[in-house]
Amino acid sequence: MAPEKLYEGKAKIVYATDDPNLVSQKFKDDATAFDGKKKGQIAHKGVRNAAISTRLFRLLEENGVATQLVERTAEDTLLCKKLKMFPVEVVVRNYAAGSICKRLGFEEGVKMKKPMLEFFLKDDSLGDPLITDAHIEELELVTRAERDEIERLALRVNEVLSAFFAERKVILVDYKLEFGIDSEGNIILGDEISPDTCRFWDAETREKLDKDRFRRDLGGVEEAYEEMLNRVES
Ligand code: TMP
């Protein structure tokens with residue numbers, strides 16, 4: 001019997017498993033940008049992102065951040081704890097790039113004085129807008145205690161990943177995290193960490209090694225994902 005598809009997102013398909021507390025996440029080669037307005041495929045992305053995310057989630061587990069990952073069951077598939085996801089995306093910025101340049105006039109590549117945390121509402125129909133603590137409170141998206149724990153975890157992720165990538169001559173410019181609650185009520189890191197959800201720049205040349213190559217039609221998209229897999233596995 002084919003596994004029941006629970007949800008299909010832009011980059012992953014989530015399937016039910018025999019265990020109600022576990023789901024299977026299949027990473028797709030499909031790529032979108034600008035709220036799905038731009039669509040394409042990136043060859044081998046599913047397999048490479050599954051591998052990269054597995055390596056990074058294991059690293060985070062070793063460093064005290066609980067993640068959704070149980071095991072990689074196929075090249076493009078991860079068995080994961082089922083989470084009730086919070087309706088927010090958490091972005092951490094170490095250097096200015098992307099939307100903060102457009103929104104606030106930062107010059108791309110300027111280093112932040114300290115890691116900057118931003119919350120976005122996960123709602124495609126609204127274009128995932130930036131939200132403030134007042135919005136989070138009024139809309140009851142997460143409780144104050146959950147918000148503070150998410151911030152603590154996101155900054156811990158930043159310490160661990162920034163050091164890991166620095167050793168591999170990669171600048172972790174910014175990235176997006178998603179958190180949820182497991183069946184025991186713990187706040188757990190979910191979704192993925194990959195070149196789809198991070199900006200990675202080569203530390204020496206500042207060459208972009210992430211989805212910005214697709215977003216901005218820079219060419220060398222597959223090669224960038226392959227290079228990041230090699231660096232993460234080195
Ligand atoms: P932004 O500069 O467009 O706000 O993106 C910040 C970071 O979040 C960047 O590393 C890309 C990542 N991101 C996602 O993973 N999903 C998204 O839908 C968006 C808009 C950004």
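In this text, all values refer to a predicted model and were calculated from it rather than measured experimentally. Position 1 is the first residue of the sequence, and the numbers go up from there. Note that ligands are numbered from 1 as they come in the structure, with each ligand's atoms numbered from 1 the same way.
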Enquirer: Out of Lys102, Arg216, Arg199, which one pairs with Glu108 under the salt bridge (Lys or Arg N to Asp or Glu O under 4.0 Å) rule?
Expert: Arg216
Enquirer: Has Lys38 got its NZ or CZ under 6.0 Å from the middle of the six-membered ring of Phe214, at an angle within 45 degrees of the ring axis?
Expert: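 Relative to the ring axis of Phe214, which defines the angle, Lys38 lies inside both limits.
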Enquirer: Numbering the atoms of ligand 1 from 1, which are under 4.0 Å from a heavy atom of Cys198?
Expert: 10 (O)
Enquirer: Does NZ or CZ of Arg168 come closer than 6.0 Å to the centre of the six-membered ring of Phe164, within 45° of the ring's axis?
Expert: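 Yes.
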Enquirer: Short question: side chain of Arg48, backbone of Ile52 - any donor-acceptor pair under 3.5 Å?
Expert: no
Enquirer: Just distances here: any N/O of Asp174 and N/O of ligand 1 closer than 3.5 Å?
Expert: yes
Enquirer: Within ligand 1, which atoms have a heavy atom of Gly98 less than 4.0 Å away?
Expert: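 By the 4.0 Å cutoff, the relevant atoms are 2 (O).
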Enquirer: How does Arg93 reach ligand 1, if at all, at less than 4.0 Å between non-hydrogen atoms: by side chain, backbone, both, or neither?
Expert: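 The part of Arg93 near ligand 1 is the side chain, not the backbone.
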Enquirer: What part of Lys10 sits under 4.0 Å from ligand 1 if we count only heavy atoms: the side chain, the backbone, both or neither?
Expert: neither
Enquirer: Report yes if some heavy atom in the side chain of Thr132 is under 4.5 Å from a heavy atom in the side chain of Ile136; otherwise report no.
Expert: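 Counting from C-beta outward, Thr132 and Ile136 never come under 4.5 Å.
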Enquirer: Which ligand 1 atoms, with their elements, are less than 4.0 angstrom from a heavy-atom of Arg215?
Expert: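 Listed by number with element: 11 (C).
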Enquirer: Tell me, do Glu226 and Met228 make a side-chain contact under 4.5 Å, heavy atoms counted?
Expert: no
Enquirer: To check your reading of the model: name the closest protein heavy atom to atom 5 (O) of ligand 1, its residue, and the distance in Å.
Expert: Arg199 NH1, 3.5 Å
Enquirer: Is Ile181 linked to Val23 within one hydrophobic cluster, defined over Ile, Leu, Val, Met, Phe, Trp and Tyr using a side-chain heavy-atom separation of less than 4.5 Å?
Expert: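 The answer is no; the residues belong to distinct hydrophobic clusters.
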Enquirer: Going by the order shown, which atoms of ligand 1 are within less than 4.0 Å of some heavy atom of Tyr175?
Expert: 10 (O)
Enquirer: Show the nearest heavy-atom pair for residues Ala51 and Arg72, with the distance to one decimal.
Expert: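 Of all heavy-atom pairs spanning Ala51 and Arg72, the closest is CB-NH1, 3.6 Å.
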Enquirer: Taking atom 18 (O) of ligand 1 as the point of reference, which of Glu89, Lys102, Glu192 owns the nearest heavy atom?
Expert: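 Result: the heavy atom closest to atom 18 (O) of ligand 1 is in Glu89.
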Enquirer: Counting from 1, what ligand 1 atoms have a heavy atom of Ala97 closer than 4.0 Å?
Expert: 2 (O)
Enquirer: Give a yes/no on ligand 1: does Glu178 have at least one heavy atom closer than 4.0 angstrom to it?
Expert: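 No; Glu178 lies far enough from ligand 1 that no heavy-atom distance drops under 4.0 Å.
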Enquirer: Atoms of ligand 1 less than 4.0 Å from Ser99 heavy atoms?
Expert: 1 (P), 2 (O), 3 (O), 4 (O)
Enquirer: Can you tell me the protein heavy atom closest to atom 8 (O) of ligand 1 and the distance?
Expert: Lys176 CB, 3.4 Å
Enquirer: Can you check whether Ala166's main-chain N or O pairs, donor with acceptor, with Lys169's side chain at less than 3.5 Å?
Expert: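 Looks like no, no N/O pair under 3.5 Å.
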Enquirer: Using a plain distance cutoff, I'd like to know if Arg103 has any nitrogen or oxygen under 3.5 Å from a nitrogen or oxygen of ligand 1.
Expert: no
Enquirer: Answer yes or no: is there a side-chain heavy-atom contact under 4.5 Å between Val65 and Phe57?
Expert: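 Not in contact.
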Enquirer: Please classify the Asp196 to ligand 1 contact at 4.0 Å (heavy-atom distances, strictly less than): side chain, backbone, both or neither.
Expert: backbone
